[in-house]
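Input: a single structure, listed below in structure tokens.
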Amino acid sequence: MKISTLFASTLRDVPADAEVVSHQLLLRAGYIRRITSGVYSYLPLMWRTLQKISTIVREEMNRANAQELLMPILQPRELWESSGRWSVYGDELMRLKDRHQRDFCLAPTGEEVITQLAQIEVKSYRQLPLNLYQVSNKYRDERRPRFGLLRGREFIMKDAYSFHASQACLDREYDVMAEAYTAIFNRCGVKTKMVASDSGAIGGAVSHEFMMLTGYQAEAQQSGENDVVHCETSGYAANSEKATSIPQPLAVDGAEPFSQYNGATKVETPYTDSIEKLCKKLKCSAEVICKTLLYVKDDTDFIAVLMRGDYDVEETKLKNTLGALTLRMATEDELTRLYETKKGFVGYYEALCLGETVDLTSVQGKEGTPVSLLVDKTVVPMKNFVIANMEAHVHWVNANWASNCCQTEGITVADVRTVKAGDLCVESNQPLSITRGIEVGNIFQLGTKYSESMQASYTAEDGTEQPFVMGCYGIGVSRVAAAAVERYHDANGIIWPTAIAPYQVIIVPANVKDETQWALANQLYAELKTVLGDDVLLDDRDERAGVKFKDADLMGFPLRITVGKLAGEGKVEAKLRASKDLIILDANEVSTQVKTLLAEWDALSWEPPVV
RNA sequence: CGGGAAGUGGCGCAGCUUGGUAGCGCAUCUGCUUUGGGAGCAGAGGGUCGCAGGUUCGAAUCCUGUCUUCCCGACCA
């Protein structure tokens, strides 16, 4: 390919609406253009990169005995009703109507279609196991598309679905997919960590995500939307939405700071509507405070969550514990309606700490509105702590649980707290660290969730009808590309891992009007095409050398061959994008050296400069 | 969904307060010079100032509505 005819133009200025590095660079280097919020055209350079990623994905999936097919993006409402997800998926489902006012959606994922397909086609256990996949556009009406290709409303995803006659068989496939994924991301040059994750709206039990960690950057520049909790010693790794830990072993006995009070005492704490203010007022640390947060489940049920003051509630964990579809904090209006109290003073001192036994009737709100209690595990061992009692501007200190408190029926004890860096690993008892990450793939054990709701079954060996045991496996193809740019770039532009660079080599004649340089550049171009196929670019533009160097750096090709002043002596310069060094080569050894040079650029060991 | 900001040639911006026939840089095109890290000079083309209504002799500018885009939030009692 000659650059003069390549459909790509570079921008000097950063478009004002691009926030993250990958978005900026892909725009500036002429890879993508936005059509509307969260929707992009992939220009030829981008498309080549995406195809290279897809090819790697296909090769590894095929190697794992999965079969590629292609399912429709446009899907009817009825199909989604049959799985129950037409309503469950919520606003993220991109919905539309046809001319007869029939409802359709654009596929955000493919369980419904594939399960129906299996139901029709697979009749016997003899046809199992089966793993089917596709690479196609997916649609999610994100509440806030952002970060360019990292979170768009339209994106390219590889989604695979496996069908099994037993859990054991699914377990084996799950491991096979985990291996395939590791191979895929390694080949793409994207360093990932497999972490335990929450299964979210797709449902099911066991699931893992493949996270590209971005923690190599200075704190303020860490990109990615997920926090990954991990332990160096045990190898434990989990999304913060799923992670558990041993809480920091701080003194949770408030006897010390409150020694001036004799037993449980009511203390004036005006306007302490945050833990921070309360600590300041009482001159104590947060871990001796028991805070109470009021949540609303599915917009109807009230749940009070008791949490140690220095920890936050992990809402995903809470949601799963409660089996809630939606969850939100109660509004201040609701607090007033239920208890006539203010933010900062929600608490059940009287019900839980006064006397020997708890009185759950007094936990109810006005007019007997039921409120269920959920106690985080960290709260149980607390002694002589601070707790509110619905009375504004007052807290109780030196409070202690009634003796049967956490065993009382109607009080649930569960782990719903957000892991903090420095908490201890449940496996190794060593401190955990937290790093930002970009999710580029995930694997789920769906079990029989979809096969049961959609009544997809096969005839088992014993003649009975059994629902399929299913797994599903996704890779965000377009997100992998953006994530790679997020990881591999410098001040001058993109630095593609060789495997997914749109072109491996760019030949730059410094001055196209110099006949010697021009002739040699063209000769090398022809030679390299025989070695690399169409993976070589010739910058044949009549531009100054500086312009061409800048563009080559911005676009991020791994190897640049400059045909310049040494052309007369039959010599050229080779430069790896990720390196500062120039290598002088004899022109006649270029085609034999190119692959060696490219192999030198090993993306997995490259560390970007800390800016 | 809540809050904030912004829409002016392809990209980045100024002009708006105090209405008077639209400008700068980059990019594009032509010519000359230049030619190893985003060149210089001279010239050219390209915009119904997001859209709709209103005020006015006159609106990019003032008013109303609307659409779009971006940012922050939607997690702490």
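The chains referred to below are lettered A, B, ... by the order of the sequence lines, with proteins before strands, and numbering in each begins at 1. Reckoned from all heavy atoms, side chains included, excluding hydrogens, waters and symmetry mates.
Ion pairing between a basic and an acidic side chain is recognised when a charged N comes within 4.0 Å of a carboxylate O; A/Arg95 and A/Asp141 show no such pairing.
Nucleic acid contact for A/Arg34: sugar-phosphate only, since backbone atoms but no base atoms lie under 4.0 Å from a heavy atom of the residue. If you check every strand for non-hydrogen atoms under 4.0 Å, A/Asp553 touches a base. Counting any heavy atom pair closer than 4.0 Å across all strands shown, A/Lys565 reaches a base atom. Among the atoms of the strands shown, base atoms are found under 4.0 Å from some heavy atom of A/Met329. Using a 4.0 Å heavy-atom criterion, one finds that A/Lys513 contacts the bases of the nucleic acid, with or without backbone contacts as well.
Among residues two or more places apart in sequence or in another chain, the side-chain contact (heavy atoms from CB on, under 4.5 Å) test is passed with A/Lys513 by A/Asn511, A/Asp542.
Of the residues in residues 371-386 of chain A, not one comes within less than 4.0 Å of RNA chain B through any heavy atom.
Put simply, the side chain of A/Glu543 and the base of B/G38 share no donor and acceptor less than 3.5 Å apart. In the interface, the side chain of A/Asp13 is paired with the base of B/G25 through a donor and an acceptor atom under 3.5 Å apart. A donor N or O paired with an acceptor N or O is found under 3.5 Å between the base of B/G38 and the side-chain atoms of A/Arg28.
In this structure, the CZ atom of A/Arg143 is 8 Å from the P atom of B/C75, given to the nearest Å.
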